There are 2 protein chains.
Amino acid sequence: MTKDFECMQESYAKEVLREKGLKSTTQRLAVVHILHMSEKLLSIGEIHGGVKDMLGNTGLATIYRTLEMFEDLGIVKRLHFPDGGHGYAFSQGEHVHHMVCVDCRGVFDFSECPAENFDYASVEKQGFRVKDHFIQLFGQCGKCVEAA
Amino acid sequence: MTKDFECMQESYAKEVLREKGLKSTTQRLAVVHILHMSEKLLSIGEIHGGVKDMLGNTGLATIYRTLEMFEDLGIVKRLHFPDGGHGYAFSQGEHVHHMVCVDCRGVFDFSECPAENFDYASVEKQGFRVKDHFIQLFGQCGKCVEAA
DNA sequence: TATTAAATGAGAATAATTTTCAATTAATCC
DNA sequence: GGATTAATTGAAAATTATTCTCATTTAATA
Ligand SMILES: [Mn+2]
Ligand SMILES: [Mn+2]
Ligand SMILES: [Zn+2]
Ligand SMILES: [Zn+2]
């Protein structure tokens with residue numbers, strides 16, 4: 001019994017995993033599925049819950065291991081909430097940024113980089129070399145604006 | 001015995017606290033002191049250690065309480081490391097951003113906003129309202145560039 | 001289908017954070 | 001300076017989050 005359908009995100013993940021000699025386990029693919037289906041950022045617990053719904057019992061450690069690995073592979077992005085918590089979003093490797101709704105944790109990504117034409121040189125004092133940046137926008141999504 | 005000297009950060013903190021009807025306790029002022037003396041981001045544990053060096057035994061819960069409160073008051077900023085950890089930096093309420101050295105956790109702040117002239121409208125689809133942004137630059141500080 | 005290195009699950013072990021409550025203290029008023 | 005009082009602290013317990021270990025399972029490969 002082979003699956004006759006496979007979403008883009010799933011095949012992308014499998015490809016990345018194969019390239020690195022890593023296995024495409026059911027658990028890992030379930031994490032991809034849960035994440036790419038979600039409109040909002042998911043916590044570790046929510047992802048674990050989702051995977052358990054799909055597969056039955058699944059070790060929480062596996063979820064931790066998978067998410068850390070996916071983050072290294074650029075498959076997921078870990079975002080930060082003002083309250084200190086974290087949420088995960090699927091992210092296909094490209095350089096994208098995220099808008100996060102602080103009310104419902106909804107997330108939308110966009111590829112335009114807000115720091116696009118910022119002159120890093122102006123800020124690289126004392127020899128500091130900027131290698132990367134992390135940008136996250138906060139606000140309210142359409143629904144939560146109305147509801148407010 | 002009154003202190004005959006008080007740094008700007010300390011008086012700033014005391015002012016903010018008074019305005020909100022909060023007490024300027026020795027512990028809170030020690031946290032301000034530790035933070036503004038530091039060239040690098042400090043973890044909760046490091047802050048706790050520093051405060052203990054200054055005051056003798058101090059409850060860890062107080063450090064947590066203080067940092068959370070300071071963050072709400074805009075007195076400190078909590079930054080995120082790629083490895084998942086967090087570091088705190090003193091921050092005087094103004095809108096600043098931080099460059100973080102991933103090697104030594106050194107931090108430099110700058111006021112120019114990388115997203116200065118970004119057109120948020122272009123990204124405010126489906127009624128999303130951007131209220132705030134979080135930007136953090138990663139790289140290596142001068143010393144760590146040389147050492148590498 | 002057999003082989004095998006990689007991955008998982010269960011639970012123990014750590015680490016991080018929050019809660020509770022009696023004791024202490026900073027601010028205020030005399 | 002001393003009394004008053006609400007805010008704050010410390011200590012320990014309670015939660016919650018994360019990592020580790022190791023015996024068992026499984027995906028990939030031939
Ligand atoms: Mn974080
Ligand atoms: Mn800015
Ligand atoms: Zn929302
Ligand atoms: Zn450095």
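Proteins get letters first, then strands, A, B, ... in listed order; numbering begins at 1 in each. For the numbers below, each heavy atom of this structure counts, side chains included, while hydrogens, waters and symmetry mates do not. Worth saying up front: this structure is predicted, and the values here are computed from it rather than measured.
- In this structure, the nucleotide among C:dA10, D:dA28, C:dA27 sitting nearest to the side chain of A:Asn57 is C:dA10.
- Inter-residue side-chain proximity for B:Leu35 and B:Leu67 is flagged as met; some heavy-atom pair is nearer than 4.5 Å.
- B:Asp72 has its side chain out of reach of B:Met69: every pair of non-hydrogen atoms, C-beta onward, lies at least 4.5 Å apart.
- Smallest separation of non-hydrogen atoms from A:Lys23 and A:Leu17: O-CD1, 3.9 Å.
- Look at CZ on A:Arg65: it is 6 Å from P on C:dT8, rounded to the nearest Å.
- When rounded to the nearest whole Å, the span between CZ of A:Arg78 and C1' of D:dA17 equals 11 Å.
- With B:Phe81 as the aromatic partner, B:Arg105 meets the cation-pi criteria of under 6.0 angstrom to the ring centre and within 45 degrees of the ring axis.
- The closest side-chain heavy-atom distance from A:His80 to B:His86 is below 4.5 Å.
- Connection of A:Leu73 to A:Val51 is established within a shared hydrophobic cluster, with ILVMFWY side chains joined at heavy-atom distances below 4.5 Å, either directly or through further cluster members.
- Across the interface with DNA chain C, nearest-nucleotide mapping of B:His86 and A:Leu60 shows A:Leu60 to be the residue nearer the 5′ end.
- Following rounding to the nearest Å, A:Lys20 (NZ) and C:dA7 (P) show an atom-to-atom distance of 13 Å.
- Taking for each of B:Thr25 and B:Ile44 the nucleotide of DNA chain C with the nearest heavy atom, the 5'-most of the two is the partner of B:Ile44.
- Counting to the nearest Å, the C1' atom of D:dA17 and the CD1 atom of A:Ile47 are 14 Å from each other.
- Heavy-atom contacts from other residues, nucleotides or ligands closer than 6.0 Å to NZ of A:Lys40 number more than 12.
- At whole-Å resolution of the value, CG in A:Asp83 and P in C:dT18 are 10 Å apart.
- For D:dT18, the OP1/OP2 oxygens have a side-chain nitrogen or oxygen of A:Tyr64 closer than 4.0 Å.
- Dense packing is recorded around CD of A:Glu15, with more than 12 heavy atoms of other residues, nucleotides or ligands lying under 6.0 Å away.
- Rounded to an integer number of Å, the gap from NE2 of A:His48 to P of D:dA17 is 13 Å.
- Over its length, the helix from C:dT1-D:dA30 to C:dC30-D:dG1 turns its helix axis by 50°, as judged from the five terminal pairs at each end, rounded to 10°.
- The shortest distance between the side-chain N/O atoms of A:Thr26 and the OP1/OP2 oxygens of D:dT26 is not below 4.0 Å.
- In the hydrophobic cluster analysis, where Ile, Leu, Val, Met, Phe, Trp and Tyr join through side-chain heavy atoms closer than 4.5 angstrom, B:Val107 is grouped together with B:Phe138.
- Inter-residue side-chain proximity for B:Tyr120 and B:His133 is flagged as met; some heavy-atom pair is nearer than 4.5 Å.
- At C:dG9, one or more side-chain N or O atoms of A:Gln27 fall inside 4.0 Å of OP1 or OP2 (strictly under the cut-off).
- For C:dG9, the OP1/OP2 oxygens have a side-chain nitrogen or oxygen of A:Thr62 closer than 4.0 Å.
- For the OP1/OP2 pair of C:dT8 and a distance below 4.0 Å, the side-chain nitrogens and oxygens of A:Thr58 include no atom meeting the criterion.
- Between the C1' atom of C:dT18 and the CD atom of B:Glu68 lies a distance of 10 Å, rounded to the nearest Å.
- Summarising the geometry, the separation between CG on B:Leu29 and C1' on C:dT25 is reported as 13 Å, rounded to the nearest angstrom.
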Taking only nitrogen or oxygen atoms into account, show me every contact under 3.5 Å that the protein makes with nucleotides 2-6 of chain C, one pair per line with its distance.
from	atom 1	to	atom 2	distance (Å)
C:dA6	N3	A:Lys23	NZ	3.4

